[in-house]
Peer 1: 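The structure follows.
Both ligands and their constituent atoms are indexed starting at 1 by order of listing.
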Amino acid sequence: MGDGTRAWILGIETSCDETAAAIVEGDRVLAESVASQDEVHRPYGGVVPELASRRHLALLGPLVRGCLRRSGLDAGMLDAVAVTRGPGLAGCLLAGVGFAKGVACGLGIPLIGVNHIEAHLFSCSLGGRAVFPAVALVVSGGHTALLLVRGWGDYRLLGRTLDDAVGEAYDKVASMMGLPFPGGPAIEERAARCPPGASVRFPRPLLASGDLQFSFSGLKTAVRYRLEGRGSGGGRPAEPDAVARGFQEAVVEVLLAKSLEAARRTRARCLMLAGGVARNGFLRGAFERGARGLGLPLLCAPERYCTDNGVMVAALAVRLFREGRRDDLALDIDPGLRLGEPGGEEGCIRPR
Ligand code: KG4
Ligand code: ZN
């Protein structure tokens, strides 16, 4: 068992199509493993929930065994097991939470249920020291959330997408262009092939809406039209690299403009960026320049911890464990779990 200051925690992540586990000791990563299911879902162009949950069931045991072996710890030395309980695909969450309950029960250690969006957000703390209040943008395949972070554990949702998540839009545009799933990295690569200034100009959805909400489904349709040679563009199908670049420029401009506006309105002292799409170099570069322009530090999740992983779950759980958070074995999954909204996760909004 770790002493009072030391906590050896196993983190498990299975909310979508990544089976992941990690063991951390405080802020030190002892072992980590991510088994991507991209190959399983690629033929379908998106995640097939039942296939994903079955893969989690098959992969979790060996993955956790491997982490234990590499960490040099015996299972009996773990202080707690943490697991994503939502948001995510129900069957996938059940696989992870069921497994974690077995570990907690078998070893007689506490169970800690974690909010996936908070875990993404908290992965920024792995990139440096946070300054509060901060405005954070969490952009992934399932989420697009702009949050005011008054301190870790103290969140207010400022805006979110009204339809598709950013990563989902990347994936769908990639699929229209015949690029492999997941589409984010493929679109980024195609966009980089198009010289600046040669991109197709797309509308900037909700840029002038005056609020902090997002929408990406109309942009997706505009992309389809240009690829098919419908609408503006003289009836000729647009060149795919120019479409990829134009799509990315439109997305990034809106994400940045709203994040900077949120920072101004809330007098934030720091900007944060996390989630799978935060791996995108064009987005990171734009945020670096934007933050500099406002004189704010930018705290990004380290690239390898942007997409789903076990380290972000375990790292967040270390904080929750030290705060005394313990869940019992009746812990339920919550596929629609929110962050920073009234009626969201209990304990997420802590009055000062
Ligand atoms: O955080 P994540 O692993 O899963 C969710 O919580 O949804 O994010 C996955 C998403 C996918 O939509 C993927 O296309 C996107 O992140 N993504 C990217 C890049 N790398 C991953 N999007 C844009 N550019 C990238 N380089
Ligand atoms: Zn995620």
Side-chain angles (χ1 to χ4, degrees), residues 11-20 22 32 34-38 41-42 44-47 49 52 56 83-89 92-93 96 114-124 126 136-145 160-161 164-177 179-193 216 219-220 223 244-245 247-252 254-256 273-287 300-313 315-316 335-339:
I12 290 170
E13 160 60 44
T14 64
S15 65
C16 191
D17 62 338
E18 242 82 51
T19 317
E32 58 183 298
V34 181
S36 160
Q37 302 183 3
D38 290 348
H41 304 287
R42 191 157 288 155
Y44 306 94
V47 178
H56 289 315
V83 62
T84 300
R85 60 174 288 254
L89 299 168
C92 295
L93 294 166
V114 160
N115 182 318
H116 185 76
I117 306 173
E118 186 177 12
H120 270 304
L121 172 57
F122 193 70
S123 62
C124 290
L126 303 167
L137 180 71
V138 181
V139 273
S140 72
H143 321 283
T144 304
R160 64 184 168 100
T161 182
D164 292 355
V166 187
E168 190 181 354
Y170 264 94
D171 293 339
K172 286 179 179 166
V173 165
S175 151
M176 285 177 213
M177 291 172 53
L179 299 172
F181 174 83
I187 293 283
E188 180 172 15
E189 198 200 311
R190 295 300 295 259
R193 292 188 202 168
F216 297 104
L219 176 59
K220 197 181 59 192
V223 167
R245 186 173 185 113
F247 163 75
Q248 190 162 266
E249 285 170 350
V251 165
V252 169
V254 177
L255 290 176
L256 179 66
L273 185 61
V277 183
R279 258 195 130 116
N280 187 287
F282 191 76
L283 178 66
R284 286 171 98 96
F287 266 66
C300 281
E303 249 180 79
R304 61 187 307 204
Y305 298 132
C306 282
T307 41
D308 291 350
N309 64 88
V311 171
M312 67 182 192
V313 174
L316 171 58
L337 191 61
R338 300 264 176 100
L339 188 71

Peer 1: State the atoms of ligand 1, each with its element, that fall below the 4.0 Å cut-off from a heavy-atom position in His120.
Peer 2: 1 (O), 6 (O)
Peer 1: For the backbone of Val34 and the side chain of Glu32, can you confirm whether one donor and one acceptor N or O come within less than 3.5 Å of each other?
Peer 2: no
Peer 1: Is the shortest heavy-atom distance from the side chain of Pro182 to the side chain of Arg42 under 4.5 Å?
Peer 2: yes
Peer 1: Quick one: pull up CZ in Arg85 and NE2 in His116 and give me the separation to the nearest 0.5 Å.
Peer 2: 14.0 Å
Peer 1: Distance to 0.1 Å, residue and atom name: give those for the protein heavy atom nearest to atom 7 (O) of ligand 1.
Peer 2: Gly141 N, 2.8 Å
Peer 1: How is the N/O/S atom of Asp308 that comes nearest to the Zn ion (ligand 2) named?
Peer 2: OD1
Peer 1: In terms of residue, atom name and distance, what is the protein heavy atom nearest to atom 21 (C) of ligand 1?
Peer 2: Gly276 O, 3.4 Å
Peer 1: Could a heavy atom of Cys16 be found less than 4.0 Å from some atom of ligand 1?
Peer 2: no
Peer 1: In the protein, what heavy atom is nearest to atom 18 (C) of ligand 1, and what distance, to one decimal place, separates them?
Peer 2: Gly184 CA, 3.5 Å
Peer 1: Can any side-chain N or O of His143 pair as donor or acceptor with the backbone N or O of Gly167 at less than 3.5 Å?
Peer 2: no
Peer 1: At a threshold of 2.8 Å, where the distance has to be below it, does the Zn ion (ligand 2) have an N, O or S atom of Glu18 nearby?
Peer 2: no
Peer 1: Could you identify the single nearest non-hydrogen protein atom to atom 26 (N) of ligand 1 and state the distance to 0.1 Å?
Peer 2: Glu188 OE1, 2.8 Å
Peer 1: Between the side chain of Thr84 and the main-chain N/O of Thr14, is any donor-acceptor distance below 3.5 Å?
Peer 2: no
Peer 1: Below 3.5 Å, N or O to N or O, backbone or side chain included: is there any such pair between Gly167 and ligand 1?
Peer 2: yes
Peer 1: If I take atom CG from residue Leu255 and atom CG from residue Leu137, how far apart are they, to the nearest 0.5 angstrom?
Peer 2: 5.5 Å
Peer 1: Please check: side-chain N/O of Ser123 versus main-chain N/O of Met312, any donor-acceptor pairing under 3.5 Å?
Peer 2: no
Peer 1: Relative to atom 19 (C) of ligand 1, which among Pro185, Pro87, Ala186 owns the nearest non-hydrogen atom?
Peer 2: Pro185
Peer 1: Among all protein heavy atoms, pick the one closest to atom 24 (N) of ligand 1 and tell me residue, atom and distance.
Peer 2: Asn280 ND2, 3.0 Å
Peer 1: Going by the atom numbers of ligand 1, which of them fall below 4.0 Å from some non-hydrogen atom of His116?
Peer 2: 6 (O)
Peer 1: Quick one: angle His116 NE2 - the Zn ion (ligand 2) - His120 NE2, to the nearest 10°?
Peer 2: 100°
Peer 1: Using side-chain heavy atoms (C-beta onward) and a distance below 4.5 Å, is Glu18 in contact with Cys16?
Peer 2: no
Peer 1: How far is atom 13 (C) of ligand 1 from its nearest protein heavy atom, and which residue and atom is that?
Peer 2: Asp171 OD1, 3.8 Å
Peer 1: To the nearest 0.1 Å, how far is atom 2 (P) of ligand 1 from its closest protein heavy atom, and which atom is that?
Peer 2: Asp308 OD1, 3.4 Å
Peer 1: Kindly say whether Arg190 contributes a backbone atom to a donor-acceptor pair with the side chain of Arg245 at under 3.5 angstrom?
Peer 2: no
Peer 1: Please check this pair: side chain of Asp38 against backbone of Phe181, looking for a donor-acceptor N/O pair closer than 3.5 Å.
Peer 2: no
